[in-house]
**Student:** 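Questions regarding the structure given below will be posed in turn.
These figures come from a predicted structure and were not determined experimentally.
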Amino acid sequence: MSNRRSRQSSTASRISDDQMIDLVSKLRQLLPEIRERRRSDKVSASKVLQETCNYIRKLHREVDNLSDRLSQLLESVDEESPEATVIRSLLM
């Protein structure tokens with residue numbers, strides 16, 4: 001009986017081809033590199049997923065860089081100033 005339940009839950013958690021196509025289409029719209037291409041240019045789902053991973057890595061690097069810059073800025077202002085309070089809230 002538990003074997004039957006596990007098969008049912010695994011098939012229920014799978015997504016359909018239509019759902020996959022819809023998700024890839026949504027990712028295409030979010031990615032600047034792909035969005036800027038002409039509509040006639042075909043981009044494979046694997047390329048969209050690869051570009052998505054690259055874009056997320058790029059965003060992580062930007063967040064890290066901004067965090068470093070805010071930390072440096074915080075060191076240069078008075079700890080009790082309103083600016084320091086704002087910077088600390090951004091770093092949280």
**Student:** Find out if a path of hydrophobic residues (ILVMFWY) with successive side-chain heavy-atom gaps under 4.5 Å connects I21 to L23.
**Tutor:** no

**Student:** Measure the spacing between CG of N54 and CG of L49 and express it to the nearest 0.5 Å.
**Tutor:** 11.0 Å

**Student:** Starting from I56, can I reach L31 by hopping between I/L/V/M/F/W/Y residues whose side chains sit under 4.5 Å apart?
**Tutor:** no

**Student:** So which pairs with a foot in residues 69-92 pass side chain to side chain donor-acceptor pair (under 3.5 Å), sequence neighbours left out?
**Tutor:** S81-E83

**Student:** Closest approach of Y55 and L30, non-hydrogen atoms and distance?
**Tutor:** CE2-O, 4.3 Å

**Student:** Restricting to pairs with a member in residues 58-68, which pass side chain to side chain donor-acceptor pair (under 3.5 Å), not counting sequence neighbours?
**Tutor:** none

**Student:** Check which hydrophobic residues are tied to L91 through side-chain heavy-atom contacts below 4.5 Å, counting indirect links as well, and list them.
**Tutor:** L70, L73, L74, V77, V86, I87, L90

**Student:** Among residues two or more places apart or on two chains, list those pairs meeting side chain to side chain donor-acceptor pair (under 3.5 Å) that have a residue in residues 43-52.
**Tutor:** S44-S46, K47-E51

**Student:** Share the residues that join L66 in a hydrophobic cluster, the rule being Ile, Leu, Val, Met, Phe, Trp or Tyr side chains under 4.5 Å apart at the heavy-atom level.
**Tutor:** none

**Student:** My understanding is that only residues two or more places apart in sequence, or in another chain, count here; which of them pass side chain to side chain contact (heavy atoms under 4.5 Å, CB included) with P82?
**Tutor:** none

